[in-house]
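For reference, the structure is listed below as structure tokens.
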Amino acid sequence: MTHTADPITVQVIRAALDGIVQEMQTSLFRTGFSTIIRESHDASCAILNTNAEVIAQHVVLPLHMGAFPACAEGLLERYPADELREGDAYIVNHPYRGGSPHAPDMGVLTPVFYQGEWVGFCASMAHKSDIGGTVPGSGSGTAREIFQEGLHLPAVKFMDAGRPVRELEWFIHANSRTPEVVVGDIRGQVGANRLGERRLAELLDKYGKPTVMASTEELAGHAERRLRQVIAAWPDGRYEGEACVDNDGIDLDKPVRIRVTVEKTGDHILFDFSDCSPQTTGPANIRPPLVRACCYYCLIALVDPFLPINQGLARVVETRFRQGTVVCPDYPAAVNAYMPTALVVAEAVLQAMSTLVPDKTIAEGSGSGAIALGGRARDGKRSYVQYEIFAGGVGGRNGKDGASATSFHLSNGKIAPVEIIESEFPTRVERFELLQDSGGPGRHRGGLGFVREYRVLQDEVRFSMRTDKHALAPQGIDGGHPGGTGGCIINPGADDERSMPSRFGDQRLKTGDVLRVERPGGGGVGAAFERSPEAVLEDVRQGYVSVERAGSDYGVALLGIEDEVVLDRAATREMRGKLK
């Protein structure tokens, strides 16, 4: 007889599961050794069932909605269910023999047992400061195969029945420039999972295993039914979207194209990526589990942001790939710069679906970015890796301006505080501010990018970058203008000034060098001369738009009167008449 749970109990259990993964997440952030976990929060936690399906996830990085099941599937291929033991912990960071986005993202999975019966996994995935490879931080923008990206582990046992597998710790320790930080972070992940195990056991004690398991299935069914109900109301048809990544880090003059065809019939929806660019020589490739997670994210954003995160999403999304493309690469294609590609996938999907959901359109944004500065610590006894993640301006939205200087779409990571960077690394942050005029002009302005400028305080520093939107500006929609492009300049204004591409590896820096990172702004929505003059005036007063660009882009004339900027309405009407 199939066990069922009443609707109120189902919602209580949903809230309890959400609370468990959030508590796991808090534990992970507070025990993180690295700034990338402790400050930037580049990590997610989840609970999975015995079928390797997500039943609850705290979404910091939506891509992990696809990564967790793929990691669990990889684990179960190597370790059958009858080999799992209470107290075990497994790690996996292999993009092809698991589900890790790239090697620095290590997944830790612990089997959960209740009254002697295996009932699922607690899982965490978190970025590591360094796991080897050709550059500090393991993220060379010019890697040509995954073997240049560091240590790769298929699912292997990290703890055996509660006892650490010392040989594996030694092995990881020997393959990292920052071994204490990496191993410490992994142990923190195990601890977060153990907390999840205890909380899940308490939930099973309170409501009983049949009721909890039935509730998780009902929640999956709810997510699936909700999505299919909305999809069924959309018009049937084929809808196309396309967006591009600057380049792959090797061929700097060749954009990488993401093209998707969305085929919608009844309550079924197919995302066809067969016409994407061939897989790249450089590390711009992304694996299919993550592309599917991009589709999950887009549906959640367009349908209901409060949908439960579980396997019901996977039951709705159908995907099609062509082997050997940038979204379905052949082993051992490099993948460490997957995140900028993932954001372009989301932009292409949202563009394709803008006809289906016209009231939730959004212009292109800044994309993602990551930098790594590495070398020997000041004491000369150990190495350090300063790893930071960035975004920039969000594209303007239907009815709203884009947000400035923030993560968006597939990343909710945080910019590391200046005080933390300066206290832990031989770097001084000399400038950190919004970039005026970087938001794409439009009826709804794109969000602004920012500039972050560093001074290097020691010699023999190795610098790598993986980002996007330096060559191809974030595009506006419905007549909106593009946002400003990004940039990376070493020693700006000096005789040895160098402008760097959006991705590269192992640029050498020395004491006194200045590094300027400029992040792109988002594209605008609608014609710029349709933005209200009062809104443009406020943009100028806030420093978002210059007086000159208020006139040239928006057709708004301003006057300076006693240190105050005011609107010249007559001149504005004349200027806008000419723009039209």
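- Residues satisfying the side chain to side chain donor-acceptor pair (under 3.5 Å) criterion with Q542, sequence neighbours excluded, are E538.
- Residue pairs meeting the salt bridge (Lys or Arg N to Asp or Glu O under 4.0 Å) criterion with at least one partner in residues 456-465, sequence neighbours excluded, are R462-D506.
- Between E422 and R428, no side-chain nitrogen of the basic residue sits less than 4.0 Å from a carboxylate oxygen of the acidic one, so the salt-bridge criterion is not met.
- The pair D185-R38 does not meet the salt-bridge criterion, since no charged nitrogen lies less than 4.0 angstrom from a carboxylate oxygen.
- Sequence neighbours left out, the pairs with a member in residues 434-452 that pass salt bridge (Lys or Arg N to Asp or Glu O under 4.0 Å) are E388-R452, D401-R445, R443-E530, R445-D539.
- S124 meets the side-chain contact (heavy atoms from CB on, under 4.5 Å) test with L28, C45, V108, Q189, N193; sequence neighbours excluded.
- For residues 126-149, the pairs satisfying salt bridge (Lys or Arg N to Asp or Glu O under 4.0 Å) are D130-R177, with sequence neighbours left out.
- For F408, the ring-ring contact (aromatic ring centres under 6.0 Å, His included) test picks out no residue, with sequence neighbours left out.
- Judged by the 6.0 Å and 45° rule, R97 forms a cation-pi pair with Y331.
- The CZ atom of F273 lies 8.0 Å from the CD1 atom of I258; values are rounded to the nearest 0.5 Å.
- Surrounding CZ of R431 are more than 12 heavy atoms belonging to other residues, nucleotides or ligands, all under 6.0 Å away.
- Remark: F29 pairs with Q25, I37, H41, A43, V60 by the side-chain contact (heavy atoms from CB on, under 4.5 Å) rule, at least two apart or across chains.
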Pairs under 3.5 angstrom only: tabulate donor-acceptor contacts from the side chains of residues 283-291 to other protein residues two or more places apart or in another chain.
residue, atom, partner, partner atom, Å
N285, OD1, T280, N, 2.9
N285, OD1, T280, OG1, 3.3
N285, ND2, T280, O, 3.1
N285, ND2, T280, OG1, 3.2
N285, ND2, G282, O, 3.3
N285, ND2, A334, O, 2.9
R287, NE, P95, O, 3.2

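- Within the structure, salt bridge (Lys or Arg N to Asp or Glu O under 4.0 Å) pairs that include any residue of residues 464-493 comprise E347-K469, E364-K469 (at least two apart or interchain).
- With sequence neighbours left out, E419 forms a side chain to side chain donor-acceptor pair (under 3.5 Å) with no residue at all.
- Within the structure, the ring pair (Phe, Tyr, Trp, His ring centres under 6.0 Å) test picks out the following pairs touching residues 444-477 (sequence neighbours left out): F390-F450, F432-F450, F463-F504.
- For D251, the side-chain contact (heavy atoms from CB on, under 4.5 Å) test picks out D248, D253, K254, with sequence neighbours left out.
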